[in-house]
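Input: a single structure, listed below in structure tokens.
Residue numbers start at 1 and run along the sequence shown.
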Amino acid sequence: QVQLVESGGGLVQPGGSLRLSCAASGFTIDSYTMNWYRQAPEKERELVALITSAGGSTTYTDSVKGRFTISRDNAKNTVYLQMNSLKPEDTAVYYCKALRRGRQAIWGQGTQVTVSS
């Protein structure tokens, strides 16, 4: 069964850190661009970060640059999102997506991140 499973979300105080993981099964991620999205209540889902398959180039939305780091471990079939200096506005459900040209996108079920004191 092809799936992505996110983990690592939770409640954290402002200024804290979390590391999200996205584990793939049923396929290998090495030929996929891997993406992290988030969706806050009553807001549209937005792309947070992506990492390409070849070379591992990364892209971030402006609001997380310098605070978040996306990485991948193809041997473990897993992608990560290290989130530092978290702010209340980072509160959202975070989703992982695998994307490859000519293939249907694969989404995870999401993990909740809440930043609050």
Which value, rounded to the nearest 0.5 Å, describes the distance between [X] atom [atom1] and [Y] atom [atom2]?
{"X": "Leu81", "Y": "Thr111", "atom1": "CG", "atom2": "OG1", "result": "11.0 Å"}
{"X": "Trp36", "Y": "Ile51", "atom1": "CH2", "atom2": "CD1", "result": "12.0 Å"}
{"X": "Thr28", "Y": "Asn77", "atom1": "OG1", "atom2": "CG", "result": "6.0 Å"}
{"X": "Ser17", "Y": "Phe68", "atom1": "OG", "atom2": "CZ", "result": "9.5 Å"}

Considering non-hydrogen atoms only, spot the tightest contact between Gln109 and Val5 and give its length.
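Between these two residues, the closest heavy atoms are OE1-CA, 3.7 Å.
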For a side-chain contact (heavy atoms from CB on, under 4.5 Å) check, start with the C-alpha distance between Lys97 and Leu47, then their side-chain angles and the critical distance, and finish with the verdict.
CA-CA 10 Å; Lys97 183 178 84 169; Leu47 177 64; over 6 Å; no
Does the pair Thr61 and Tyr37 meet the rule for a side-chain contact (heavy atoms from CB on, under 4.5 Å), with working shown?
CA-CA 10 Å; Thr61 191; Tyr37 282 74; over 6 Å; no
Trp107 vs Tyr95 aromatic rings, parallel, tilted or perpendicular, using cut-offs 30° and 60°?
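Aromatic pair Trp107/Tyr95 classed perpendicular.
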Assess whether a salt bridge exists between Lys65 and Asp62, defined as any Lys/Arg side-chain N lying under 4.0 Å from an Asp/Glu carboxylate O.
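Looking at Asp62 together with Lys65, the answer is yes, because their closest N to O distance falls below 4.0 Å.
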Run the numbers on Leu99 and Leu50 for side-chain contact (heavy atoms from CB on, under 4.5 Å), then give the verdict.
CA-CA 10 Å; Leu99 189 62; Leu50 67 85; over 6 Å; no
Any side-chain to backbone donor/acceptor pair from Asp73 onto Thr78? Under 3.5 Å, distance only.
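Not at all, since once roles are kept as given, no pair shorter than 3.5 Å links the two residues.
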Taking everything shown except Glu89 itself, do over 12 heavy atoms lie less than 6.0 Å from its CD?
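Yes - once you tally the heavy atoms of other residues, nucleotides and ligands closer than 6.0 Å, there are more than 12.
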Kindly determine whether Met83 and Leu20 satisfy side-chain contact (heavy atoms from CB on, under 4.5 Å), including the steps that lead there.
CA-CA 8 Å; Met83 306 186 296; Leu20 305 184; 3.8 Å; yes
Does some side-chain heavy atom of Thr91 sit less than 4.5 Å from a side-chain heavy atom of Gln112?
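Result yes, sub-4.5 Å side-chain heavy-atom pair found.
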Before you tell me yes or no, could you show the steps for Ser31 and Arg100 under side chain to side chain donor-acceptor pair (under 3.5 Å), namely the whole-Å CA-CA distance, both residues' side-chain angles and the distance that decides it to 0.1 Å?
CA-CA 7 Å; Ser31 60; Arg100 177 179 171 182; 3.3 Å; yes
Please name the residue in the list Pro14, Ser117, Ser116 that meets the side chain to side chain contact (heavy atoms under 4.5 Å, CB included) test with Pro88.
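Result for side chain to side chain contact (heavy atoms under 4.5 Å, CB included) with Pro88: Pro14.
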